[in-house]
Amino acid sequence: MTFDQLDAFLAAVRSDTFFDAAESLHITQSALSKQILKLEKELDLYLFDRSGRSAVLTDAGRIFYEEAQGLSAQYHRALDRMQEFKTASRLSLRLGTLPVLSQYHLTGMLKDFSSSHPEIRLSMDELEEEDLTYGLKQGRFDLIIIRDLFLDQSEFQFYPLSSDRLVAVFPSDHPLAEEKTVSIEDIAGEPFVLMHPYTAIYRLCLSLFQDAGIRPDIVRTARMESILSAVTLHEGISLFAEENFNLFRHDSLVSVPLEPSPVLKTGVAVRKTGFRSPAAAEFLRFMRTEKSL
């Protein structure tokens with residue numbers, strides 16, 4: 001039994017003739033009759049008495065008509081709800097992002113996208129790297145704004161938006177504050193106040209120390225604002241992205257570029273496989289135009 005057969009049967013009951021029923025479904029009368037015959041064959045019952053000049057419902061047909069109305073209504077209601085869901089999916093964009101939009105001048109880009117696409121409802125959540133990649137895998141986000149550090153390039157497609165570098169942050173009276181650049185070896189003996197362990201910057205710092213054979217003295221980890229206060233009070237020095245420091249610049253602190261420094265790329269990541277909503281595809285197209293990606 002198919003829903004096409006149910007609809008053919010219901011149309012035949014509700015119309016004056018099989019011809020009118022076929023017209024209402026935009027099919028031929030022959031196609032309508034075949035659908036009803038298949039239904040009767042499966043049920044092993046006659047639903048219409050065709051002995052007279054016009055077909056009329058049998059007793060079995062009248063009982064089946066009561067059941068068929070509910071089945072058909074439920075089926076079409078489900079179709080309508082799925083269509084509403086598809087429409088909503090096309091017109092919504094769920095974006096996960098690191099808290100980096102201001103320092104990389106991405107807030108304006110998102111505002112321009114929303115202004116030029118008023119039909120797309122953009123929602124955003126600020127999270128750290130692990131939560132962002134997990135959310136993207138689980139379908140919580142359509143795309144994420146993240147650094148490419150430790151991003152699995154076999155699983156995600158990455159579109160860079162901006163580049164940055166690591167800097168060492170000192171109190172302004174620190175002996176190294178006047179240097180043009182410092183190396184990881186230059187600061188090996190310093191106490192460090194670093195970003196939280198769940199951040200990619202923290203893991204990058206540990207990787208740099210490990211590659212240089214250095215065991216760092218990490219006195220504590222904290223958020224950006226607390227790190228700056230700690231360095232100001234000479235608790236230690238820190239390492240983080242230069243644009244982060246520029247955003248929270250403090251008169252009593254100095255940043256000195258780390259050389260050599262890995263390139264810190266921030267951009268949009270999407271899954272390489274799986275469904276990509278039209279809204280997400282349009283956002284990527286917009287970015288390529290704006291950033292010449």
Side-chain angles (χ1 to χ4, degrees), residues 1-96 110 113-125 134-144 157 268 270-286:
M1 184 186 306
T2 68
F3 285 103
D4 285 341
Q5 291 169 358
L6 283 179
D7 286 343
F9 169 74
L10 291 172
V13 175
R14 294 165 180 167
S15 302
D16 293 333
T17 65
F18 275 24
F19 177 80
D20 292 333
E23 286 282 298
S24 69
L25 296 176
H26 306 292
I27 60 177
T28 64
Q29 182 175 342
S30 174
L32 179 92
S33 297
K34 288 178 180 178
Q35 294 279 31
I36 294 174
L37 288 172
K38 289 178 181 179
L39 182 60
E40 289 179 319
K41 183 175 181 181
E42 181 176 345
L43 295 173
D44 193 24
L45 288 169
Y46 287 112
L47 300 176
F48 287 97
D49 181 356
R50 299 172 177 82
S51 61
R53 297 184 59 181
S54 60
V56 295
L57 284 175
T58 62
D59 290 341
R62 282 189 288 272
I63 295 173
F64 187 73
Y65 176 63
E66 294 176 3
E67 300 295 332
Q69 291 182 93
L71 288 172
S72 179
Q74 186 174 0
Y75 168 66
H76 287 287
R77 187 162 54 248
L79 288 183
D80 290 342
R81 291 189 66 186
M82 292 303 97
Q83 184 59 44
E84 291 172 1
F85 174 80
K86 288 195 296 184
T87 301
S89 297
R90 285 196 296 267
L91 298 179
S92 65
L93 182 63
R94 300 162 300 167
L95 174 66
L110 295 178
F113 174 79
S114 294
S115 296
S116 61
H117 297 80
E119 76 284 1
I120 296 177
R121 183 175 64 85
L122 175 64
S123 61
M124 288 188 291
D125 284 326
Y134 180 77
L136 187 57
K137 289 179 183 179
Q138 297 300 310
R140 176 182 174 184
F141 302 120
D142 298 303
L143 41 81
I144 56 177
Q157 184 73 40
V268 175
V270 294
R271 289 168 293 178
K272 284 188 173 181
T273 60
F275 172 75
R276 184 175 300 176
S277 71
E282 179 57 25
F283 184 79
L284 291 174
R285 186 204 63 77
F286 178 84

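Note that this is a predicted model, so its numbers are computed, not measured. Because only heavy atoms are used, hydrogens play no part in the values below, and waters and symmetry mates are left out as well, while side chains stay in.
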Please report the shortest heavy-atom distance between Thr58 and Asp49, naming the atom on each side.
CG2-N, 3.6 Å
If you take all heavy atoms of Ala21 and Leu32, which pair is closest and at what distance?
CB-CD2, 3.8 Å
Within the 4.5 Å heavy-atom criterion, are Phe9 and Leu57 side-chain neighbours or not?
yes
Using the rule given for side-chain contact (heavy atoms from CB on, under 4.5 Å), can you reason through Leu39 versus Phe64, listing the C-alpha separation, both sets of side-chain angles and the distance that settles it, and then say yes or no?
CA-CA 11 Å; Leu39 182 60; Phe64 187 73; 3.7 Å; yes
Note, Phe283 side chain near Val268 side chain (heavy atom, < 4.5 Å):
yes
Please state whether the rings of Phe286 and Phe113 are parallel, tilted or perpendicular, taking 30° and 60° as the class boundaries.
perpendicular
Any side-chain heavy-atom pair of Leu93 and His117 under 4.5 Å:
no
Nearest 0.5 Å please: distance from the CG atom of Leu47 over to the CG atom of Asp59.
11.5 Å
As an exercise, state the distance from CZ of Arg271 to CD1 of Ile144, rounded to the nearest 0.5 Å.
10.0 Å
The reported gap from CZ in Phe3 to CG in Leu71 (rounded to nearest 0.5 angstrom) is 6.5 Å
Within a 6.0 Å radius of atom CD on Gln74, are there more than 12 heavy atoms belonging to other residues, nucleotides or ligands?
no
Donor-acceptor pair, side chain of Ser72 and main chain of Ala68, under 3.5 angstrom
no
Say whether, by atom type as modelled, one donor and one acceptor occur between the side chain of Arg140 and the main chain of Tyr134 under 3.5 angstrom.
no
Point-to-point distance, once rounded to the nearest 0.5 Å, from OG of Ser24 to CZ of Phe19:
11.0 Å
Tyr65 side chain near Arg14 side chain, heavy-atom distance below 4.5 Å:
yes
Please determine whether the number of non-hydrogen atoms from other residues, nucleotides or ligands lying under 6.0 Å from atom NZ of Lys34 exceeds 12.
no
Quick check: closest heavy atoms across Leu122 and Ser114, and the distance to 0.1 Å?
CD2-OG, 3.7 Å
Measure the spacing between CG of Leu25 and CD of Gln35 and express it to the nearest 0.5 Å.
9.5 Å
Going by atom types only, do Asp4 and Thr2 share a side-chain donor-acceptor pair under 3.5 Å?
no
What's the shortest heavy-atom distance between Ser92 and Asp142, and which atoms?
O-OD2, 3.8 Å
Contacts of type ring pair (Phe, Tyr, Trp, His ring centres under 6.0 Å), residue Phe18, not counting sequence neighbours:
Phe48
Say you draw a straight line from OH of Tyr75 to CG of Leu6; how long is it, rounded to the nearest 0.5 Å?
10.0 Å
On a heavy-atom basis, the closest approach of Arg50 and Ala55 is CG-CB, 4.2 Å
